[in-house]
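Just so we're on the same page: letters track the sequence lines, and every chain starts at 1.
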Amino acid sequence: MCGRYGFGNPARLGTLPLGVTFPGLPARFNVAPSQAVPLVLHDRGERQGLMARWGLVPFWADDPAIGNRLANARGETVATKPSFRGAFKSRRGIMPADLFYEWQVLAGQKVKQPWCIRMADDRPFAMAALWERWVPKTQPDADPLLTCCLITTDPNSTMVPLHDRMPVILHEEDYAEWLDPATPPALAQRLIRPFDGPMRAYPVSTVVNTPRNEGETCAAPLTSFPSTRADTD
DNA sequence: CCAGACGTTGTT
DNA sequence: GTCTGG
DNA sequence: CCAGACGTTGTT
DNA sequence: GTCTGG
């Protein structure tokens with residue numbers, strides 16, 4: 001799963017070939033589900049960059065609290081699960097980021113070790129997402145709540161020692177196909193695979209565990225542990 | 001037919 | 001909204 | 001993902 | 001133990 005991430009250099013997110021920017025977006029190093037996150041989507045024929053609540057609320061939901069449990073969608077089943085298939089067919093999005101975290105379970109140990117994972121060159125990247133607009137049935141005229149979730153897949157060689165899942169990261173040349181609601185789901189499904197570019201991972205302190213902690217400290221390397229780097233996958 | 005669920009992760 | 005279970 | 005709460009009644 | 005909230 002991927003339940004925590006960040007964008008430590010928000011201005012640099014605009015260098016991704018997405019056609020949108022997020023002016024004034026503050027740096028974040030510990031974004032948790034339920035919080036407002038930058039989202040890129042293709043709606044009514046145009047690319048848009050909007051803030052959305054992380055945690056998908058399907059349009060048919062009675063209670064938006066369901067979103068607290070839908071921060072991730074499994075790539076293997078996203079096309080068929082009732083909570084995700086509608087969004088997968090026509091509401092695919094991108095959550096831009098430059099780091100994410102995973103908690104490593106160490107054999108025989110109760111405590112989990114958090115790791116920070118980035119591109120090997122620290123550039124930002126595009127995480128495959130789904131989005132929805134939810135309106136309470138009791139208030140049909142209310143402003144829609146824009147929500148989103150990440151799609152997860154098997155780990156690549158960088159992630160295997162750390163965790164059994166990772167977020168789907170898209171290559172630049174695939175952004176348009178992923179975002180286009182006219183792309184057949186079968187083609188979009190092919191983009192759901194472990195990222196095959198160079199990444200790096202390093203352990204961080206448990207400061208990141210507490211969602212109310214924020215700032216660069218969350219992503220600072222723990223010097224007493226070794227980091228890993230994979231130049232290829 | 002209507003009622004109720006609709007999810008992931010990790011742990012056992 | 002749509003599927004499964006009763 | 002992890003942290004933190006986990007309850008009702010009546011009264012302000 | 002399990003659910004909700006961030």
With sequence neighbours excluded, give me every side chain to side chain donor-acceptor pair (under 3.5 Å) pair touching [range].
range	value
residues 168-191 of chain A	A:Arg123-A:Glu172, A:His171-A:Asp196
residues 12-30 of chain A	A:Arg4-A:Asn30, A:Arg28-A:Gln35, A:Arg28-A:Glu214
residues 137-150 of chain A	A:Asp62-A:Lys137
residues 77-101 of chain A	A:Arg91-A:Glu132

Determine the interatomic distance between [atom1] on [N] and the same-named atom on [M]; round to the nearest Å.
N	M	atom1	answer
D:dC6	B:dC6	P	25 Å
D:dG10	E:dT2	P	32 Å
E:dT4	D:dT8	P	14 Å
D:dC2	B:dT9	P	13 Å

Can you name the salt bridge (Lys or Arg N to Asp or Glu O under 4.0 Å) partners of A:Glu102, sequence neighbours left out?
-> none

All salt bridge (Lys or Arg N to Asp or Glu O under 4.0 Å) counterparts of A:Asp164, not counting sequence neighbours | none

Give [X] one of three labels, base, sugar-phosphate or nothing, depending on what nucleic acid heavy atoms sit under 4.0 Å from its own.
X	result
A:Tyr5	nothing
A:Tyr101	nothing
A:Val31	nothing
A:Trp103	sugar-phosphate

So what stems show up for DNA chain D if we need 3 or more Watson-Crick or G-U pairs in a row, all under 3.5 Å?
-> D:1-6 with E:1-6

Do the side-chain N or O atoms of A:Lys112 get closer than 4.0 angstrom to the phosphate oxygens (OP1, OP2) of D:dC1?
-> no

Quickly work out the [X] [atom1] to [N] [atom2] distance and round it to whole Å.
X	N	atom1	atom2	answer
A:Met159	D:dC1	CE	P	13 Å
A:Asn72	D:dC2	CG	C1'	14 Å
A:Asp62	C:dG1	CG	P	11 Å
A:Gln113	D:dC1	CD	C1'	14 Å
A:Arg91	C:dG1	CZ	C1'	10 Å
A:Leu56	B:dT9	CG	P	14 Å
A:Ile117	D:dC1	CD1	P	13 Å
A:Asn68	E:dG6	CG	C1'	9 Å

Rounded to the nearest 0.5 Å, how far apart are CG of A:Leu41 and CD of A:Gln48?
-> 5.0 Å

dist A:Ile169:CD1 -> A:Leu191:CG (nearest 0.5 Å) comes out at 13.5 Å

Kindly point out which of E:dG6, B:dT9, B:dT11 is positioned nearest to the side chain of A:Ser34?
-> E:dG6

Ignoring the backbone of A:Arg74, work out which of B:dT9, B:dT11, E:dG6 is nearest its side chain.
-> B:dT9

Is there a path from A:Val204 to A:Val207 through hydrophobic residues (I, L, V, M, F, W, Y) whose side chains come within less than 4.5 Å of each other?
-> no

Members sharing A:Trp60's hydrophobic cluster (side chains within less than 4.5 Å) = A:Phe59

Is the backbone of A:Ala220 close enough, under 3.5 Å, to the side chain of A:Tyr202 for a donor and an acceptor to pair up by distance?
-> no

Scan nucleotides 3-5 of chain C against the protein and return all N/O pairs shorter than 3.5 Å with their distances rounded to 0.1 Å.
none

What residues form a side-chain contact (heavy atoms from CB on, under 4.5 Å) with A:Ala176, not counting sequence neighbours?
-> A:Arg47

Ring pair (Phe, Tyr, Trp, His ring centres under 6.0 Å) involving A:Tyr5 - partner list, sequence neighbours excluded | A:Trp54

Which parts of nucleotides 3-8 of chain D does protein reach within less than 4.0 Å, heavy atoms only, written one letter per nucleotide 5' to 3' as B for base, S for sugar-phosphate only and - for none?
-> SS----

By nearest-nucleotide position on DNA chain B, the 5'-leaning member of A:Lys110 and A:Thr80 is A:Thr80

